[in-house]
Amino acid sequence: MISIRHAAWVWALLLVSIVNGITQGSRIPSIEVDFSEAAPKLAPSKLLRLPVGATLPQGWLSRELELQANGITGQLPYFWHFINDSSWMGGRGNGGGAGEQYVPYFLNGLIPLSFQTRNENLERLRERYVSYVLGQQNISTNGTGWLGPPIPWIPSFVPDGEVDELFTKYDMVEALESYAEANATAAASVVRALMAHHKQMYAQLSSKRPALNFTKWGFMRCSDAVVGIQWLLDRGEEAPWLWDLLQLIMTQSEAAMQDISAADGGGFTWQEWFRFGDPFAYANDHEATGAVHLRRHGVDIGQAMKTGGLWWRANGKHTDLQSPFEALAWAEKYLHMADGMYFADEEVTSKGSGPQPLGNRSGGHTAGRGTETCSVVETMFSMRMAYEITGNITFMDRLERLAFNALPAALWPDITANVYHHRSNQITCSGQYGYNLFFCCSSNVHQGWPKFLLSSVHTRTNGTIVISGYAPTETTMPGSNTTVTVGGKYPFADTATVYVSQPADMQLRIPCWSDNATVSLNGRILGVANGCTFYGVTVTAPQSTITVLFGNTIKLYTWKRNTVDGSYTSPSNGSPPGPQGGGIEVHRGALTYALRPASIVTETTIGCIGGKPEGRFGWNCSSTPGGKPQYPDIKSRDVTCETDPAVGNGNWSYAILPGSLRFVPMAPGSDIPKIPFSVTEQPAVKIVVSAKNLNSKNTVWQDPGIPPHSPLSSDAPWEQIDLVPFGSTNIRISVFPSLDAKQPTT
């Protein structure tokens, strides 16, 4: 039996509540909790998110979400055994442990997407899965009960696959919380299930049977557990043990991360890692707990970027509130990519133990390093959380950059497949690295667009409506009859309109990339706003229109090095390195621009996965539950650069003249392609630039990931080439060598 005495908390960490003896064995012990005191309150986030379903997509964003609903999200359960034969659904399972991550990942995207698109197929799938998961929960008389396969009362660390993973339950909790937000009639029963689940977690973690570090994923991904618990606290759940569980996760996870010997690479909490950690320093990748490996693992890095901010809500520590800023700066310092991501080809460093030279171990800081699709969507979620907690526009800017560049590049344009891994510069993607289905990524990618949509409109604690994003949406403000509609073609256009149905106090996010922004209300200019600020507008008349014209210019990012130790890659002719380094990126607003080389696509029908065509519900590869085929086959696509025999691999190897960059806006009356990030249609916008094909005369650029030193001269003929939005590419060059401006342009 556990008895708890709950102390007062005043934004400071205290010790976890004293736990006396606990009954051992398979029987769930009874729990006696003093409910006479309410749990403390969390510090409020600076921006309050609206519930799932309040904001619906419009325009091009609606088409993008519909593609996902009809594509990979709507089709996988009918043939992919990782989802339809999961132990979460009473099936044969996928090996236990982390192998049971697929259904929680999947529902974490499917559930919000189903409410945002109102797609009938998704709605049917949603109800099947939610009703099964809730129906299988065994809530005891003392109000405890795991969601999904139970975790046994075990005392110590266990190898992967032997028991179900805690982190998979974190994702299921988030999925069910989305369901409760959008379905008021089911909210009470869902909250009851979530409370029973967390009460069971508290009973076992507080007795250390098992402790949080019984597997590596549970404590390294603790931030997602905190998201679920804070959701309950924000809704007014006041059980003291819930607050104790939050503190327990904090202390156990940080203790596990710090308990790493210096010989293995040293111990760091996530906050310390982002402040002091060197991802290229020697470390034992085979260290027993897995922490050393996972702090270099791209997906865990993305998930962890929100950790400090979440802790701040509970403890008020300024250093924790600073952590999301430090995490972003850390990723930029060591792991920069053109599309807003950080490179981690599964890991930042190569596997292995023993000291190795930096260049060999890291693979170099080059445009040929890539990132995992799971990392993209997890970083998007962390950026949204960091924006909401801190109210800092930097995080929303980064979220948009990821959503409009990295995410669509990771998806096939009609969203019927995704890549495992993509790079800033790549001229082929095939096999494991092609567009297909890849385990965790194909189950986790579903959260990307639906959770991004949730970042569109926020409120302040005083009720002020904040327009955070300008992709087209329509929002019904909870508790009122006010409708806020964001119209236009952002980010493909520099203007956005905000239609407000009722008088309201408004704030407009002005992105940091915007030199300024002109704001008008009902045709009258109110003023010019600075970038990186919130601009206040008081709407006094119903049916009002706010117009925002962003001051948008082409901006370049210069790579100063091509290896992580700061050295430069010299041209093949042996000349000394120039001052610029490895290349330049081209950005305008929220979009990154890239060369889209002519390509050859080879398609293969995937069909049933894993030799298990029959799922738990009897669904097969060719039909829906009603027996009628309603969806196209999921296909695997390999993409290779189409080469010109006259120049070998030369249709990608362009150096550009920075001073000649010219933006080409959408023509009057034109529209964004029906498939917004099509790789075959003309893009909505482009940038034209003078360039020379370096491989048309002599071979000076062999590895697309390592541009030759810039600025450089070439006697190749001048050409005009188009740079298109990064998200409208499947192979690309986005880091270019630059040409010396002094050479003749004719």
Heavy atoms, side chains only, cut-off 4.5 Å: are [X] and [Y] in contact?
| X | Y | result |
| --- | --- | --- |
| Tyr387 | Leu399 | no |
| Arg49 | Arg384 | yes |
| Trp312 | His318 | no |
| Leu134 | Val130 | yes |
| Trp311 | Thr319 | no |

Polar side-chain atom of [X] near backbone of [Y] as donor-acceptor pair, under 3.5 Å:
| X | Y | result |
| --- | --- | --- |
| Arg313 | Ala43 | yes |
| Gln204 | Arg209 | yes |
| Tyr202 | Leu245 | no |
| Trp88 | Pro104 | no |
| Glu237 | Leu242 | no |
| Arg401 | Ala338 | yes |
| Asp259 | Gly267 | no |
| Arg296 | Pro279 | yes |
| Ser86 | Glu100 | no |
| Lys169 | Leu147 | yes |

Return the orientation label for the [X] and [Y] ring planes: parallel under 30°, perpendicular over 60°, tilted otherwise.
| X | Y | answer |
| --- | --- | --- |
| Phe82 | Phe439 | perpendicular |
| His297 | His293 | parallel |
| Trp270 | Phe274 | parallel |

Between Glu174 and Lys451, does the salt bridge (charged side-chain N to carboxylate O under 4.0 Å, His left out) criterion hold? Intermediate values first, please. CA-CA 11 Å; Glu174 290 181 31; Lys451 288 190 175 181; 3.0 Å; yes
Using the salt bridge (charged side-chain N to carboxylate O under 4.0 Å, His left out) rule, take Arg295 and Glu287 through it: C-alpha gap first, then chi angles, then the decisive distance, then the call. CA-CA 12 Å; Arg295 69 192 183 203; Glu287 175 270 331; over 6 Å; no
Does the ring centre of Tyr334 sit less than 6.0 Å away from the ring centre of Phe343? no
Under a plain distance cut-off of 3.5 Å, with no hydrogens placed, do [Y] and [X] share a side-chain donor-acceptor pair?
| X | Y | answer |
| --- | --- | --- |
| Trp217 | Gln101 | no |
| Gln137 | His197 | no |
| Thr307 | Gln271 | no |
| Ser375 | Thr379 | no |
| Gln447 | Tyr105 | no |
| Gln303 | Ser223 | no |

Closest non-hydrogen atom pair, Leu42 against Ala314: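 Result for this residue pair: CD2-CA, 4.0 Å.
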Closest heavy-atom pair and its distance - Met380, Leu402: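 Looking at all heavy atoms of both residues, the closest pair is CG-CB, 3.7 Å.
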Start with the C-alpha distance between Glu238 and Lys41, add both sets of side-chain angles, then the distance that settles salt bridge (charged side-chain N to carboxylate O under 4.0 Å, His left out), and finish with yes or no. CA-CA 9 Å; Glu238 296 185 341; Lys41 300 293 184 183; 3.2 Å; yes
